[in-house]
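First the structure, in the form of structure tokens, and then the observations on it.
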Amino acid sequence: MFNQLLVKPVQRTCNSSHLFPPKPRFWLPRNALTTVPESPPVSEDATAAKLVLESDPSSLPETLSNHSFQWTPQLVNNVLKRLWNHGPKALQFFKHLERHPTYIHSPSSFEHAIDIAARLRDYNTAWAFVGRMRALRIGPTPRAFAILAERYATGGKAHRAVKVFLSMHEHGCHQDLNSFNTILDVLCKTRRVEMAHSLFKTFKGRFRCDSVSYNIMANGWCLIKRTPMALQVMKEMVERGITPTMVTYNTLLKGYFRCNQLREAWEFFLEMKKRKCEIDVVTYTTMVHGFGVAGEVKRSKRVFDAMVKEGLVPSVATYNALIQVLCKKDSVQNALLVFEEMVGKGCVPNLTTYNVVIRGLCHSGEMEKALEFMKRMEEHGCRPSVQTYNVVVRYYCDDGELEKGLELFEKMGNGTCLPNLDTYNILISAMFVRKKSEDLVVAGKLLMEMVGRGFLPRKFTFNRVLNGLVLMGNRDFANEILRMQNRCGRVLRHMKL
DNA sequence: ATAGGGTTAG
């Protein structure tokens with residue numbers, strides 16, 4: 001099928017070697033030189049973030065001035081990153097600094113702030129920041145519009161995202177091929193591929209679209225499992241004299257796996273080899289992962305071995321793929337063997353590796369060992385992320401070890417990794433399993449705390465906690481929570497959610 | 001932050 005596509009259009013114009021990239025004269029494994037990152041020094045931004053989080057809105061200016069921070073763009077950005085899951089607090093901090101007598105926000109800080117505001121669907125504030133950038137003559141930057149478009153698209157407002165792109169020049173930012181490709185990608189990644197397709201058809205001539213544009217569109221169709229359309233994109237690409245790249249081929253290959261078309265994937269892979277195309281680490285990682293999640297663990301392992309035999313060095317992602325496959329379809333023990341093997345070969349595990357391994361351990365009930373790995377992460381310059389904590393907390397709760405789950409949660413609060421919405425949801429749900437009235441009081445407290453930190457619980461969560469408290473006869477606390485829910489409701493209506 | 005591979009829920 002693709003054999004036709006790969007060869008036919010080219011035979012009409014030139015020889016078929018144009019379909020695949022030329023062989024490079026030399027080759028270096030991309031991930032051969034991974035090193036252990038230095039462990040981060042104790043930071044000012046953690047202090048500032050904690051202060052912002054814990055101070056009352058009215059006392060924030062005073063609290064911050066008591067500490068006489070030396071504000072720099074880097075410091076401000078790091079504080080904003082730490083407050084990523086605490087949008088209202090982050091914005092309060094950012095706006096407070098806007099009134100600082102001498103410090104002026106950098107473009108990248110504005111971009112962070114725009115991202116945070118738009119994620120809260122507070123588009124007015126986001127646009128106000130865009131205007132402010134223009135007034136200060138430090139933008140608005142193309143990145144600011146990329147962020148806005150992405151937030152509109154992920155918020156279900158794809159048309160607004162397109163409008164952001166179409167109108168950016170009116171806000172003082174030039175449109176170019178980069179911004180065109182960005183909006184195509186944003187639409188594709190949010191699965192509005194049809195919309196991206198029509199935008200592409202309309203503007204591809206005006207922006208002189210390139211292989212990147214085609215690769216984005218091909219990937220879009222693959223994401224929604226419409227591989228035939230992706231092949232169509234590839235065909236048009238070739239007809240217009242744009243040479244497909246390794247990215248194009250790897251995209252298509254992944255597309256076949258997504259549709260569970262293992263035979264087609266395998267044949268496509270063979271075709272790539274036959275064409276003397278430099279199969280790279282990404283190709284192999286796609287194969288290892290694809291076969292593995294389809295349950296073909298042996299084939300997955302065989303591809304991995306073949307890769308090594310050909311002299312290609314597996315990357316962290318390749319190992320992560322294999323480790324995940326073994327955890328899910330084989331055994332954690334075998335996954336751990338691969339983990340040790342990668343460390344032995346000098347390939348440095350990253351956060352993803354640890355999260356995969358820890359999840360695998362939790363899943364097979366080895367909680368102690370999971371905690372061991374949480375400590376061991378630091379050897380490789382990794383710190384447990386919210387996801388890491390959430391996994392372990394969840395499994396503790398599922399095992400009925402609520403105290404241990406809560407203990408870990410306390411650790412997060414004190415340390416540098418702040419809980420997010422998932423953490424609260426996991427814990428609150430867990431408080432219903434024992435049907436004890438103390439547990440429901442904890443659930444209520446968690447609910448209050450999460451609202452105080454700017455997370456909006458679902459109506460379902462409120463109702464559940466309220467019903468539970470009433471059933472247990474704790475009317476006073478239930479009323480307190482009800483009042484808080486009403487306050488949340490007002491905020492939501494104000495934000496037109 | 002212009003494109004392809006690895007974390008996400010029983």
Side-chain angles (χ1 to χ4, degrees), chain A residues 21 30-31 107-108 111-112 114-115 141-151 165 176-186 188-189 196 207 209-220 222-223 230 233-234 237 242 244-255 257-258 272 279-293 300 303-304 307 312 314-328 335 338 342 347 349-360 362-363 382 384-391 394-395 398 420 422 425-426 429:
Chain A
R30 204 188 292 170
N31 297 283
S108 61
E111 288 158 2
H112 275 295
I114 289 168
D115 201 5
T141 53
R143 196 168 160 183
F145 290 97
I147 289 165
L148 266 176
E150 191 192 319
R151 288 298 163 204
F165 167 70
D176 58 7
L177 178 58
N178 294 344
S179 48
F180 179 56
N181 285 342
T182 302
I183 185 68
L184 290 179
D185 197 39
V186 162
C188 284
K189 295 268 161 68
F207 289 105
C209 73
D210 59 358
S211 64
V212 175
S213 327
Y214 280 103
N215 288 342
I216 289 168
M217 288 312 304
N219 189 44
C222 286
L223 284 176
V233 170
M234 194 168 151
M237 192 174 177
I242 297 172
T245 63
M246 279 310 291
V247 176
T248 323
Y249 297 125
N250 289 336
T251 301
L252 261 298
L253 184 65
K254 177 82 186 170
F257 278 117
R258 253 195 211 101
M272 285 169 79
I279 308 274
D280 65 13
V281 190
V282 177
T283 318
Y284 277 110
T285 305
T286 307
M287 298 288 286
V288 169
H289 186 252
F291 278 134
V293 297
S300 170
V303 170
F304 184 89
M307 167 186 189
L312 271 172
S315 68
V316 191
T318 323
Y319 277 110
N320 291 350
L322 184 59
I323 289 172
Q324 190 209 165
V325 162
L326 294 175
C327 282
K328 283 195 172 161
V338 174
M342 88 184 263
C347 182
N350 61 16
L351 181 61
T352 304
T353 325
Y354 277 101
N355 283 347
V356 170
V357 169
I358 289 169
R359 175 173 288 107
C362 288
H363 196 75
C382 303
S385 63
V386 199
Q387 285 86 349
T388 322
Y389 280 106
N390 287 353
V391 166
R394 170 171 303 194
Y395 276 96
D398 287 355
N420 66 10
D422 291 333
N425 282 333
I426 291 165
S429 314

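Every value quoted in this text rests on a predicted model; they were computed, and no experiment measured them. A note on names: the letters A, B, ... follow the listed sequences, proteins ahead of strands, and every chain is numbered from 1.
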(request) Compare side-chain N and O positions of A:Q387 against OP1 and OP2 of B:dT8 and report whether any pair is under 4.0 Å apart. (result) no
(request) Could you state the atom-to-atom distance from CD of A:Q324 to C1' of B:dA9 in whole Å? (result) 13 Å
(request) Consider the side chain of A:N320, meaning its heavy atoms from C-beta on, and name the nucleotide among B:dA1, B:dG6, B:dA3 that approaches it most closely. (result) B:dG6
(message) Please identify which of these residues, A:L184, A:N178, A:L177, meets the side chain to side chain contact (heavy atoms under 4.5 Å, CB included) condition with A:F207.
(response) A:L177
(message) Of the listed nucleotides (B:dT7, B:dG6, B:dT2), which one gets closest to any side-chain atom of A:N355?
(response) B:dT7
(message) Output the rounded distance in Å from OH (A:Y284) to C1' (B:dG6).
(response) 18 Å
(request) Look at all strands and tell whether A:D176 reaches a base, only sugar-phosphate, or nothing, counting heavy atoms closer than 4.0 Å. (result) nothing
(request) Taking salt bridge (charged side-chain N to carboxylate O under 4.0 Å, His left out) as the test, write out the residues that go with A:K328, two or more places apart. (result) none
(request) Let me know the distance between CG of A:L312 and P of B:dG5, rounded to the nearest Å. (result) 18 Å
(request) Check whether any side-chain nitrogen or oxygen of A:R359 sits under 4.0 Å from OP1 or OP2 of B:dT8, and answer yes or no. (result) yes
(message) Does B:dG5 have its OP1 or OP2 closer than 4.0 Å to a side-chain nitrogen or oxygen of A:H289?
(response) no
(request) Please name all residues satisfying salt bridge (charged side-chain N to carboxylate O under 4.0 Å, His left out) with A:R143, sequence neighbours left out, ordered by chain then number. (result) A:E111
(message) Tell me the interatomic distance from A:I147, atom CD1, to B:dT2, atom C1', rounded to whole angstroms.
(response) 14 Å
(request) Return the value, rounded to whole Å, for the distance between atom CZ of A:F180 and atom P of B:dA3. (result) 14 Å
(request) Report yes or no: is there a donor-acceptor pair, N or O only, under 3.5 Å between the side chain of A:T286 and the base of B:dG5? (result) no
(message) Looking at A:K328, I'd like to know whether one of its side-chain N or O atoms comes within less than 4.0 Å of OP1 or OP2 on B:dG10.
(response) no
(request) Answer with yes or no whether the side chains of A:T388 and A:S385 bring together a donor and an acceptor at under 3.5 Å. (result) yes
(request) Would you indicate what A:E111 reaches in the nucleic acid, counting non-hydrogen atoms under 4.0 angstrom: base, sugar-phosphate, or nothing? (result) nothing
(message) Given the structure, check if the side chain of A:S315 and the base of B:dG5 hold any donor-acceptor pair shorter than 3.5 Å.
(response) yes
(message) Any N or O donor-acceptor pair under 3.5 Å from the base of B:dG6 to the side chain of A:N350?
(response) yes
(request) Classify the nucleic acid contact of A:V356 as base, sugar-phosphate or nothing, counting any heavy atom under 4.0 Å across all strands shown. (result) sugar-phosphate
(request) State whether A:H363 places a side-chain N or O below 4.0 Å from either non-bridging phosphate oxygen (OP1 or OP2) of B:dT7. (result) no
(message) Would A:N390 and A:N420 count as a side chain to side chain donor-acceptor pair (under 3.5 Å) here? Give the steps.
(response) CA-CA 9 Å; A:N390 287 353; A:N420 66 10; 3.3 Å; yes
(request) Give the nucleotide from the list B:dG6, B:dA1, B:dG5 with an atom nearest to the side chain of A:R258. (result) B:dG5
(message) Can you measure A:I358 atom CD1 to B:dT7 atom C1' for me and round it to whole angstrom units?
(response) 11 Å
(request) For B:dG5 versus B:dA9, give the span between their C1' atoms, rounded off to a whole number of Å. (result) 23 Å
(message) Distance check, C1' atoms only: B:dG10 and B:dG6, in whole angstrom units.
(response) 22 Å
(message) Could you check whether any side-chain heavy atom of A:N181 comes within less than 4.5 Å of a side-chain heavy atom of A:D210, counting everything from C-beta outward?
(response) yes
(request) Measure the distance from CG on A:N425 to C1' on B:dT8 and round it to the nearest whole Å. (result) 14 Å
(request) Counting heavy atoms from C-beta on, name the nucleotide in B:dT7, B:dA3, B:dG5 closest to the side chain of A:T352. (result) B:dT7
(message) Using a 4.0 Å heavy-atom cut-off, does A:T248 contact any base of the nucleic acid, only the sugar-phosphate backbone, or nothing at all?
(response) nothing
(message) Classify A:N219 by what it touches in the nucleic acid, base, sugar-phosphate, or nothing, heavy-atom distance under 4.0 Å.
(response) sugar-phosphate
(request) Taking the side chain as every heavy atom from C-beta outward, state whether A:D185 and A:E150 have any pair of such atoms under 4.5 Å apart. (result) no
(request) Rounded to the nearest angstrom, tell me the gap between atom OH in A:Y395 and atom C1' in B:dA9. (result) 9 Å
